[in-house]
Enquirer: 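Take this structure first; my questions come after.
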Amino acid sequence: MNKEMDLKAVVAQLRDGMTIGFGGWGPRRKPMALVREILRSDLKDLTLVAYGGPEIGMLCASGKVKKLIYGFVSLDAMPIEPYFRKAREAGAVEVSELDEGLLLLGLQAAGHKLPFAATRVGLGSDVMKYNPDFKTVKSPYGDGEVLLAMPAIKLDVALIHVSRADRLGNTQTDGPDPFFDGLFARAADKVFVTTEVLVDRIDAEYSDKAKSQLFERCFVSGVVKAPLGAHPTASHDAYGWDMAHLKDYAASATEEGGWQRYFDQYVKGDEASYAASVGGEAKIRALPLPIF
Amino acid sequence: MTKFLPLSQAVADNLNNGDTVAFEGFTHLIPTAAAHEAIRQGFKDLTLVRMTPDLIYDQMIGMGMARKAVFSYAGNPGVGLLRRLRDAVENGFPHALEIEEHSHAAMANAYEAGAAGLPCAIFRGYRGAELAQVNPNIKSVTCPFTGEVLAAVPSVRPDVTFIHAQKANKKGDVLVEGIIGIQKEAALAAKRAVVTVEEVVDNFDDLHPNLTVLPNWSVTAISVVPGGAHPSYAHGYYIRDNASYLEWDEIAADRDRFREWMQENVIEKSADDFAARVEHLRNVA
């Protein structure tokens with residue numbers, strides 16, 4: 001079975017109003033090539049679910065978002081993502097603002113095909129006040145403890161960027177942190193991955209790295225070869241984030257017509273013109289990995 | 001702070017009469033050396049928890065150490081029954097054993113809930129099964145969103161969990177890989193976690209993070225016991241000793257032969273004897 005697709009074919013599978021989850025974490029390993037392809041499309045009314053980075057800000061900036069479900073939206077060095085901040089302050093999108101644990105549990109419940117997850121996370125905070133649709137359940141045992149019932153966050157689609165993949169849908173992910181990509185994959189009806197490297201059979205060429213597979217290929221509907229596809233976010237071990245570019249992007253949020261300027265300058269064409277516009281492949285590959 | 005201790009001291013420091021204890025392992029990495037040390041030290045009135053009680057719980061029950069067993073599959077894997085457990089349940093020999101039987105999914109969820117500090121686990125299970133009729137701990141919770149009735153079981157929070165793992169680093173972090181069973185959750189659910197390992201290495205810098213690692217702050221004590229999972233296997237170190245499982249079926253079938261075998265192979269032995277038992281099982285393709 002050959003699951004290889006191109007960016008356009010993936011976006012053609014998406015529909016207005018869908019709930020879309022993004023792997024990665026802040027400015028780390030985001031499926032930005034697919035995000036840019038969505039920006040080039042006329043999709044709208046999307047519900048986005050993420051430990052958010054620039055994908056959330058860009059999709060908000062382009063008016064494609066109806067609702068955000070998130071633990072945070074950040075560019076790390078810039079604590080609050082600039083276009084997310086604009087949308088949030090303007091009340092332009094609905095939000096379900098969660099702590100990171102509740103987002104994890106909501107995705108996990110969906111992956112387990114359960115309607116909710118019982119947890120202590122979120123109790124004693126204002127999470128229930130600002131998410132009035134959340135409910136509680138009571139332990140049926142002698143303790144009678146009241147727990148928050150975190151509703152399952154079912155995704156129509158998860159978009160995830162990986163280091164290597166094959167045409168069968170097997171994937172491998174380098175770097176010190178797998179984030180919660182496995183939960184996003186299992187919570188989704190369909191998973192589309194972009195990959196730095198695409199081979200016919202990953203078991204033939206990278207069997208020594210089999211332990212870096214984060215989710216099984218049965219969850220993967222499509223694989224897109226997209227080298228440098230996480231730029232301007234980091235993609236371990238291939239390249240680090242492009243903080244200079246992210247600062248230019250952030251600056252555009254303060255300019256009149258700034259988003260249109262950013263879109264026209266970088267996004268409008270295709271991925272080849274994008275790579276050229278941000279300095280070319282050699283420059284991206286030389287971006288140092290963030291070390292903490 | 002994780003303590004590196006001889007196994008005899010790690011067991012003496014962390015197990016008490018009357019404790020609820022899990023010796024977890026799922027076909028792979030069964031903590032036999034720790035269980036044998038507990039047998040030598042002669043603990044009583046234990047509540048033994050495990051998804052898959054096998055030879056070590058048969059041995060502990062046969063030696064009269066257990067008051068209760070909480071489990072989801074009791075058997076000699078690939079061979080048949082646990083004859084000492086069966087003798088205790090059917091004949092009260094050497095004394096009566098209370099049993100609480102669950103499904104595998106329930107036990108796994110119960111450990112996970114215990115690790116999360118929750119009173120109970122809520123999951124989709126026991127549909128079309130009659131275990132709830134004989135196990136009053138199986139209850140239900142109605143989903144406040146969908147109205148779906150889900151199963152509930154009490155969380156498992158052992159006083160102490162014993163597991164066997166491939167290796168620890170010098171800080172006391174623990175690597176478990178291959179078939180990982182429910183060991184991580186069982187260790188995190190317990191008040192105290194004791195880990196026997198094949199070896200200790202300087203650091204885990206060469207390991208991918210997508211591996212089961214128990215952080216040192218979750219581990220009470222570590223004992224280095226090469227071969228400590230025998231007759232089960234340790235992925236990357238030695239293969240399973242299938243002959244021992246077949247042999248156990250005959251040993252456990254007879255009360256006297258069981259006692260003799262335990263005297264000779266457990267009571268009169270020590271943790272140091274395990275390495276030799278796996279020597280012929282190493283480097284086997």
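The sequence lines fix the lettering, A, B, ..., with proteins before strands; numbering per chain opens at 1.
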Enquirer: Is it the case that over 12 heavy atoms from other parts of the model lie below 6.0 angstrom from the NZ atom of A:Lys113?
Expert: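 Correct, the count exceeds 12.
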Enquirer: Side chain, backbone, both or neither: which part of A:Lys138 has a heavy atom under 4.5 Å from chain B?
Expert: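 Only the backbone of A:Lys138 comes within 4.5 Å of chain B.
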Enquirer: Which residues, numbered in order, of residues 133-157 of chain B come under 4.5 angstrom of chain A by heavy-atom distance?
Expert: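 The list, in residue order, reads B:Asn137, B:Ile138, B:Lys139, B:Ser140, B:Val141, B:Thr142, B:Cys143, B:Pro144, B:Phe145, B:Thr146, B:Glu148, B:Leu150, B:Ala152, B:Val153, B:Pro154.
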Enquirer: Within a reach of under 6.0 Å around CZ of B:Phe4, are more than 12 heavy atoms found that belong to other residues, nucleotides or ligands?
Expert: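 Yes, the 6.0 Å shell around CZ holds more than 12 heavy atoms from other groups.
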Enquirer: Assess whether atom NZ of A:Lys66 is packed by more than 12 heavy atoms of other residues, nucleotides or ligands within 6.0 Å.
Expert: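 Not buried by this count: 12 neighbours or fewer within 6.0 Å.
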Enquirer: Does NZ in A:Lys225 sit with more than 12 non-hydrogen atoms of other residues, nucleotides or ligands closer than 6.0 Å?
Expert: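 Atom NZ in A:Lys225 is not crowded, with 12 or fewer foreign heavy atoms closer than 6.0 Å.
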Enquirer: Check whether any side-chain heavy atom of A:Leu147 sits under 4.5 Å from a side-chain heavy atom of B:Pro119, and report yes or no.
Expert: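 Yes, at least one pair of side-chain atoms sits under 4.5 Å.
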Enquirer: For chain A, find its close neighbours in residues 173-206 of chain B: heavy-atom separation under 4.5 Å, sorted by number, or none.
Expert: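 Interface residues of residues 173-206 of chain B: B:Glu177.
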Enquirer: If you count the non-hydrogen atoms of other residues, nucleotides and ligands that lie under 6.0 Å from CZ in A:Arg201, is the total more than 12?
Expert: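 Atom CZ in A:Arg201 is not packed in, count stays at 12 or less.
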